[in-house]
Amino acid sequence: MKQKVTVFGSFVVDLMARTPHLPAPAETVKGSFFKQGAGGKGFNQGVAAHKAGGDVAMITKLGRDSMANVALDVMTELNMPKDFLFYNDDVATGIALIMVDENSSQNEIVIVPGACGTITAEDIKSVEQRICDSAYILLQLEVNQDANEAVAKLAKEHGVRVILNTAPYQPVTDEFLKGCWLVTPNEVEAEEMTGVAVTDLESANRAAKIFFEKGVENVLITLGSRGVYINTGDRAEIIPAFHVKAVDTTGAGDAFNGGLLAALAEGKDIWEAARFASGLAALSVQRIGTTPAMPTREEIDAFLAEH
C-alpha cells in the first residue's frame with residue numbers, strides 16, 4: 001500500500017553554466033554551456049520522489065513572476081498536483097546560480113531563496129490537513145527556518161515521521177532535531193553538526209551517537225562515492241555506492257533523498273529504501289541538470305535489476 005508523503009521545501013530556478021574551470025576571485029571565465037531549469041532542494045526532492053512513483057504533495061512558495069512558470073510547467077508536464085503552492089506578491093521566485101567545472105564535475109552554487117524564504121504561519125495552516133495525512137514528511141534547510149520548525153512540530157504532534165535533510169547546512173536547535181525520525185546529512189554537514197569528521201564506520205558511529213543524544217531516532221549519512229552510512233540504533237553499516245561515470249553531481253543528494261522518501265512510502269525498510277535511493281542517485285549523476293536528471297521508476301527498477 002502506497003502511503004501519502006509530503007515534501008516541504010524550496011523552489012528556485014537553476015541558472016547553470018558549465019566552464020573549463022571554476023573562476024578564481026575577480027576572474028571571468030568563458031563558459032561552454034548554459035541551461036535554465038527548475039531547482040531548489042525541496043523541489044528537486046519532490047520531483048525525484050514523484051517520478052519514482054511516490055504519492056507526493058510538494059509544498060513550496062513562488063513569486064508572481066515569469067520564473068514561477070518554470071515550476072508550474074514542470075509540474076504540469078509531470079502531472080504533479082499544484083494544490084499546495086503558495087505565492088508572494090512582493091518577493092520574486094528564488095534563483096540559484098550554478099557553475100560546473102566540465103572537467104571535474106565540481107560545482108559552486110549561490111542561492112537566493114526569494115519567495116520560498118517567506119512561508120508564513122497562515123500558509124502552513126492551509127496545508128495542515130495534508131501534512132497530518134502523510135506517513136512521512138521531508139524537510140531541508142533552504143526555506144525560512146521558523147516555517148520548518150512549525151511544520152516539524154505539527155508533523156511530530158500527529159505521528160508523521162519527519163525526515164530532515166540537513167542541507168544546505170545551518171545551525172539548528174536540538175529542539176528541532178528532537179523527535180525527527182531520520183536525519184540525512186552528508187559527511188560535511190554531519191561534521192558541522194556533531195564536530196566529528198566522518199571518515200569511516202567508527203567515526204560515523206560516533207557522529208550518530210551525538211544525533212541520538214539530541215533525540216533523533218535514525219541516522220543516515222551520505223558519503224558520496226563511498227556509499228551511505230545508516231544507524232538505526234541496533235544496526236550500523238555502510239552500504240556501498242553504485243559506481244557510475246558522473247557527468248554532473250549537482251542534485252545527487254536531492255535525488256537520493258527523494259528516492260528514499262518514495263521507497264519508504266511503499267513500505268520498504270530503511271535499508272531497502274537506501275539501496276533504491278542510491279540507484280536513483282547513480283542514474284541522476286549520469287545526466288546534466290537537477291530535475292531533468294531525475295529518472296523514472298522504470299529506469300530505476302531496470303538499473304537495480306542490472307546491478
Side-chain angles (χ1 to χ4, degrees), residues 1-12 40-50 53-64 68 71-72 74-76 78-91 93-94 113-167 170 172-184 215-218 254 257-258 260-262 264-267:
M1 217 289 270
K2 200 156 55 172
Q3 300 166 296
K4 287 181 180 174
V5 289
T6 296
V7 177
F8 177 78
S10 55
F11 172 81
V12 301
K41 287 195 169 297
F43 197 78
N44 293 343
Q45 292 173 15
V47 167
H50 173 79
D55 177 357
V56 186
M58 179 70 232
I59 303 176
T60 191
K61 195 162 191 175
L62 310 170
R64 296 274 185 197
L72 300 174
V74 169
M75 294 178 90
T76 300
L78 296 177
N79 204 19
M80 291 175 76
K82 303 191 191 86
D83 316 352
F84 311 103
L85 300 176
F86 310 124
Y87 291 90
N88 188 320
D89 295 332
D90 308 311
V91 178
T93 302
C116 68
T118 67
I119 297 169
T120 66
E122 292 71 43
D123 292 335
I124 295 164
K125 187 132 192 64
S126 71
V127 292
E128 194 172 296
Q129 193 59 54
R130 173 63 198 219
I131 292 170
C132 298
D133 288 345
S134 301
Y136 296 88
I137 187 163
L138 174 57
L139 312 177
Q140 324 74 31
L141 301 176
E142 227 168 43
V143 299
N144 47 306
Q145 185 56 15
D146 58 329
N148 262 338
E149 287 174 11
V151 166
K153 184 171 183 284
L154 177 69
K156 289 167 192 171
E157 282 169 359
H158 288 85
V160 181
R161 289 174 162 184
V162 176
I163 302 171
L164 174 61
N165 175 221
T166 55
Q170 65 177 54
V172 295
T173 64
D174 288 358
E175 185 56 35
F176 179 55
L177 290 172
K178 187 181 176 188
C180 281
W181 182 75
L182 176 67
V183 289
T184 65
V216 171
E217 291 181 43
N218 299 284
D254 297 337
N257 279 279
L260 190 74
L261 182 68
L264 289 167
E266 288 177 13

Task: Heavy-atom side-chain proximity of S126 to F86 below 4.5 angstrom - done: yes
- [ ] Could you check if a side-chain atom of L72 sits within less than 4.5 angstrom of a side-chain atom of L62, using non-hydrogen atoms only?
- [x] yes
Open item on the list: Is there a side-chain contact between F11 and V74 in this structure, where contact means two heavy atoms from C-beta onward sitting under 4.5 Å apart?
Closed with: no
TODO: Nearest 0.5 Å please: distance from the CG atom of N165 over to the CG atom of L141.
DONE: 7.5 Å
- [ ] Give the minimum heavy-atom separation between G63 and A115, together with the two atoms involved.
- [x] N-CB, 3.6 Å
- [ ] Evaluate the side-chain proximity of L139 to V151: yes if any heavy-atom separation is below 4.5 Å, no if none is.
- [x] yes
Open item on the list: Within the structure provided, determine whether T118 and D90 are in side-chain contact (heavy-atom separation under 4.5 Å).
Closed with: no
Task: From L261 atom CG to T6 atom OG1, the distance as rounded to the nearest 0.5 Å - done: 8.5 Å
Open item on the list: Is it the case that atom CG in D89 sees more than 12 heavy atoms from other parts of the structure closer than 6.0 Å?
Closed with: yes
TODO: Output yes when a side-chain donor or acceptor of E142 lies under 3.5 Å from a complementary backbone atom of K41, and no otherwise.
DONE: yes
Task: Donor on one side chain, acceptor on other, T120 and K125, under 3.5 Å - done: no
TODO: Dump the intermediate steps for salt bridge (Lys or Arg N to Asp or Glu O under 4.0 Å) on K153 and E149, then the final yes or no.
DONE: CA-CA 6 Å; K153 184 171 183 284; E149 287 174 11; over 6 Å; no
Open item on the list: How close do L85 and M75 get, counting heavy atoms only, and between which atoms?
Closed with: CD1-SD, 3.9 Å
Open item on the list: Please check: side-chain N/O of S134 versus main-chain N/O of R130, any donor-acceptor pairing under 3.5 Å?
Closed with: yes
Task: Heavy-atom closest pair, residues V7 and G46 - done: CG2-CA, 3.8 Å
TODO: Determine the sole option in N144, N44, V143 for which the side-chain contact (heavy atoms from CB on, under 4.5 Å) test with S10 is passed.
DONE: V143
- [ ] Determine whether K156 and C180 make a side-chain contact, defined as any pair of heavy atoms from C-beta on separated by less than 4.5 Å.
- [x] yes
Open item on the list: Let me confirm one number: the CG-CD distance from L182 to E217, rounded to the nearest 0.5 Å.
Closed with: 9.5 Å
Open item on the list: Is it the case that the side chain of N218 and the backbone of W181 share a donor-acceptor pair, with hydrogens and angles ignored and the cut-off at 3.5 Å?
Closed with: yes
Open item on the list: Does any part of the side chain of M80, heavy atoms only, come nearer than 4.5 Å to the side chain of V56, both counted from C-beta?
Closed with: no
Open item on the list: Taking the side chain as everything from C-beta on, heavy atoms only, tell me whether I131 gets closer than 4.5 Å to H158.
Closed with: no
- [ ] List the atom of L264, the atom of Q3, and the distance in Å for their closest heavy-atom pair.
- [x] O-OE1, 3.8 Å
Task: Residue E175 excluded, over 12 heavy atoms near CD under 6.0 Å - done: no
Open item on the list: Which heavy atom of A68 sits nearest to which heavy atom of T93, and what is that distance?
Closed with: N-OG1, 3.5 Å
TODO: Working to the nearest 0.5 Å, report the span between CD1 of I124 and CG of N148.
DONE: 8.5 Å
Task: Heavy-atom closest pair, residues A152 and V162 - done: O-CG2, 4.1 Å
Open item on the list: Using modelled atom types and a 3.5 Å cut-off, is there a donor and acceptor pairing between side-chain atoms of K178 and backbone atoms of T173?
Closed with: no
Open item on the list: Let me confirm one number: the CG-CE distance from L138 to M58, rounded to the nearest 0.5 Å.
Closed with: 8.5 Å
TODO: State the CD-CG distance between Q45 and N257, to the nearest 0.5 angstrom.
DONE: 4.5 Å
